[in-house]
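Structure record follows, encoded as structure tokens.
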Amino acid sequence: MSEHVYKKIELTGSSTSSVDDAIRNAVAKASETIHNLRWFEVTEIRGHIEEGAVGHFQATVKVGFTVD
């Protein structure tokens, strides 16, 4: 088993439908430019309110990836 070194970045995803989609949006966007994604950790959940209703869900995640 080889040893790995990881780097961690923080992202905030958003969605009009759910927290789950906000997380998935953040990870999907990161995967477009970063390879070797390994894990994520949700650090904050919040939302945007429009006219008394939830307009957007926002999820801040830390995403870890292995360094080449």
>> Just verifying a value: how many Å separate Ser18 OG and His56 NE2, rounded to the nearest 0.5 Å?
In response: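 If we round to the nearest 0.5 Å, Ser18:OG and His56:NE2 are 12.5 Å apart.
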>> So, taking the atom named CD1 in Ile23 and the one named CD1 in Ile45, what distance separates them when rounded to the nearest 0.5 Å?
In response: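 Answer for the CD1-CD1 pair, Ile23 versus Ile45, is 6.0 Å.
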> Does Glu50 have any side chain to side chain donor-acceptor pair (under 3.5 Å) partners at least two apart in sequence or in another chain, and if so, which?
Replying inline: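 If we apply the side chain to side chain donor-acceptor pair (under 3.5 Å) test to Glu50, skipping adjacent residues, the hits are His48.
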>> On a heavy-atom basis, which atom in Leu37 and which in Ala30 lie closest, and how many Å separate them?
In response: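 That would be CD1-C, 4.2 Å.
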> If every non-hydrogen atom of Phe57 is compared with every non-hydrogen atom of Ala22, which pair is closest and at what distance?
Replying inline: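 Phe57 and Ala22 have their closest heavy atoms at O-CB, 3.8 Å.
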>> Any non-hydrogen side-chain atom of Ile34 less than 4.5 Å from a side-chain atom of Ile9?
In response: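 Side chain of Ile34 against side chain of Ile9, heavy atoms only: contact under 4.5 Å found.
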> Which residue pairs pass the salt bridge (Lys or Arg N to Asp or Glu O under 4.0 Å) test when at least one of the two sits in residues 21-34, sequence neighbours left out?
Replying inline: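 Residue pairs passing salt bridge (Lys or Arg N to Asp or Glu O under 4.0 Å), neighbours aside: Asp20-Arg24, Lys29-Glu32.
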> Using links of under 4.5 Å between side-chain heavy atoms of ILVMFWY residues, direct or through other members, which residues join Tyr6 in one cluster?
Replying inline: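 Trp39, which link up through side-chain heavy atoms under 4.5 Å apart, make up the rest of the cluster.
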Could you pull out all donor-acceptor pairs under 3.5 Å where a side-chain atom in residues 58-65 meets a protein atom, sequence neighbours excluded?
unit_1: Gln58; atom_1: OE1; unit_2: Arg46; atom_2: NE; d: 2.9
unit_1: Thr60; atom_1: OG1; unit_2: Thr12; atom_2: OG1; d: 2.9
unit_1: Thr60; atom_1: OG1; unit_2: Arg46; atom_2: NH1; d: 3.4

> What pairs with Val5 under side chain to side chain contact (heavy atoms under 4.5 Å, CB included), at least two apart in sequence or on another chain?
Replying inline: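 Side chain to side chain contact (heavy atoms under 4.5 Å, CB included) check on Val5 returns Val67.
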